[in-house]
**Q** 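What follows is a structure written as structure tokens; I'll ask about it next.
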Amino acid sequence: MDIGIVGYGAYVPRLRISVEEIAKVWGTNAENFRKGLIVDEKSVPESDEDTVTIGVEAGRNALLRAAINPKKIGALYIGSESHPYVVKPSGTVVAEALGLGTSLMLADFEFACKAGTAAMQCCYGLIKAGEIDYGMAIGADTAQGKPGDALEYTAAAGGAAFVLGKDPLAILEGTCSFTTDTSDFWRRERQDYPMHGARFTGKPAYFRHVLTATKNLMEKLSLNIDDIDYFVFHMPNGKFPTAAAKTLGIPMEKIAPGLVVKRMGNCYSGSSPVGLCATLDIAKPGQRILMTSYGSGAGSDSFSFMVTDRIIERRDMAPKTEYYLKNKKNIDYGTYVKLRGKLRM
Amino acid sequence: MTYKSSVPMFWRLQGSKYRLVGTRCTKCNSVFFPPRSLCPKCRRKGTVEEMTFSGKGEIISYTIIRTAPEGFEKYVPYAVAIIKLDEGTNISGQIVGNNIEGMAIGMRVRPVFRRMFEDGDRGLIQYGIKWEIDKGDSTS
């Protein structure tokens, strides 16, 4: 029997800060960032939102679409690089809040921006092996960007959850990964903000991994660009996934539905998963979606999904990604600094 | 190191705090939140069972907090409301969204999962349910 996504759901906090608002404070040229990064604004969590609360909201939406008893879920894995505790899992809180059972395999994952898709692979493997009937994978983050750093224009908050199982709304046709030791972005213990390799994050890091994983999966499944209706690539900004698509000869309309970064920034572990949710929101039965994540350090997970008839009945059972993108309120830099705890008193 | 909140006490209340688990009397259908283990009307003749509230309801009263207790200063000004739950009992809770100008009695609300309280920098983070104004537009 086919295995794949049974339910999905995104969550994006309501607040936004524009590229102009950040540039105004640091005396930079907003237009350069807006055009260079292809990002207009980024989402900002309220002071009572974090990876756990985002995970719960996205998880609720995924469960609404899955329409299953939450106690049937046998595994919960949450990928994030902003787990609220250093020691104590985010997953236990999320599982209790969602009413999952206690015969539950659970762990928090971390692999920069791709821990959420690693969680999907684990659930897929356990279901395929017959160990569990359903698994939930969540990618969520409240990303940190050092004030004044280029990352500050994009580091956002949001996440997505997927219930994987049998009788799916999107069949997982295959997955593969490409992993190397490439240090393009890191954060040491007790450091508030990450460091990055600036231009080094591009060619040897993002592009090498995303393009290789994507090509490897297409080769594994004997697919070419024409066989795939939509592509979702990890979105550190708008420029990188657009350039990756150009390199592979993918028409821009095939990445457009999932290119949520322009309106919400990069929510790290939630980035490509939210893009996948936005694409599932508009995809038709029989259409194929290829998603490739990227996590610094570095690795990419690539997935091919075939949308089934089930999407029709389940799509409207929970809020769509567009609802969260539209439902927004812009704030100024002072409020942003307060909310993100950047003021030390 | 002393903490302001009791770890075991919060653990005991987790179901109610996270998922609005209350109780219901199967004899007279009265619902209780926080949960009661005995129906005050039916007493030993009634049977009380667990029920989970949807969290959806209507604001029947509210107040705006401008001078907050310790730990809540960052939310000021914020609204705290008494909400009549659709299943039939009242509950008090914080309204998120910082839209105090638009608050009104009779507004529909729905639950959201948020941080409730942080016990300093080293203690537990307590999570629970707050409410947001429900404009009925989320599944459109």
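So you know, we letter chains A, B, ... as the sequences are listed, proteins then strands, and number each from 1. Quantities reported herein were computed from a predicted structural model and do not represent experimental measurements.
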**Q** Looking only at heavy atoms, which of residues 46-68 of chain A get nearer than 4.5 Å to chain B?
**A**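 Heavy-atom contacts from residues 46-68 of chain A to chain B are A/Glu46, A/Ser47, A/Asp48, A/Glu49, A/Asp50, A/Val52, A/Thr53, A/Val56, A/Glu57, A/Arg60.
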**Q** With a cut-off of 3.5 Å and sequence neighbours excluded, list every side-chain donor-acceptor pair involving residues 56-64 of chain B.
**A**
from	atom 1	to	atom 2	distance (Å)
B/Tyr62	OH	B/Met103	O	3.3

**Q** For a 4.5 angstrom cut-off between non-hydrogen side-chain atoms, does A/Val94 reach B/Phe113?
**A**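 The answer is no; the side chains never approach within 4.5 Å.
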**Q** Considering only heavy atoms, which portion of A/Tyr85 lies under 4.5 Å from any heavy atom of chain B: side chain, backbone, both, or neither?
**A**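 Contact with chain B: side chain only.
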**Q** Throw together a table of side-chain donor-acceptor distances under 3.5 angstrom for residues 16-37 of chain B, partners on residues two or more places apart or in other chains.
**A**
from	atom 1	to	atom 2	distance (Å)
B/Ser16	OG	B/Val21	O	3.0
B/Arg19	NE	A/Glu96	O	2.6
B/Arg19	NH2	A/Glu96	OE2	2.9
B/Thr23	OG1	B/Arg36	N	2.9
B/Thr23	OG1	B/Arg36	O	2.8
B/Arg24	NH1	B/Asn29	OD1	2.5
B/Arg24	NH2	B/Glu49	OE2	2.9
B/Thr26	OG1	B/Thr47	O	3.0

**Q** Got a donor-acceptor contact below 3.5 angstrom from the B/Lys74 side chain to the A/Leu339 backbone?
**A**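 The answer is no, because no donor-acceptor pair under 3.5 Å joins these two groups.
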**Q** Heavy-atom cut-off 4.5 Å, strictly under: side chain, backbone, both or neither for B/Tyr75 against chain A?
**A**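 Contact with chain A: side chain only.
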**Q** Which one, B/Lys135, B/Glu118, B/Lys130, leads in non-hydrogen pairs under 4.5 Å with chain A?
**A**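 That would be B/Lys130.
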**Q** Looking only at heavy atoms and a cut-off of under 4.5 Å, which of A/Gly99, A/Ala97, A/Pro84 has the most pairs with chain B?
**A**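 Heavy-atom pair counts peak at A/Ala97.
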**Q** So which bits of residues 85-97 of chain B come within less than 4.5 Å of chain A, counting non-hydrogen atoms only?
**A**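 So the qualifying residues are B/Val96, B/Gly97.
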**Q** Among B/Ile125, B/Val112, B/Ile129, which has the most heavy-atom pairs under 4.5 Å with chain A?
**A**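 So the answer, after comparing B/Ile125, B/Val112, B/Ile129, is B/Ile125.
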**Q** Is the number of heavy atoms from other residues, nucleotides or ligands under 6.0 Å of B/Glu101 CD greater than 12?
**A**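 Result for CD/B/Glu101: open.
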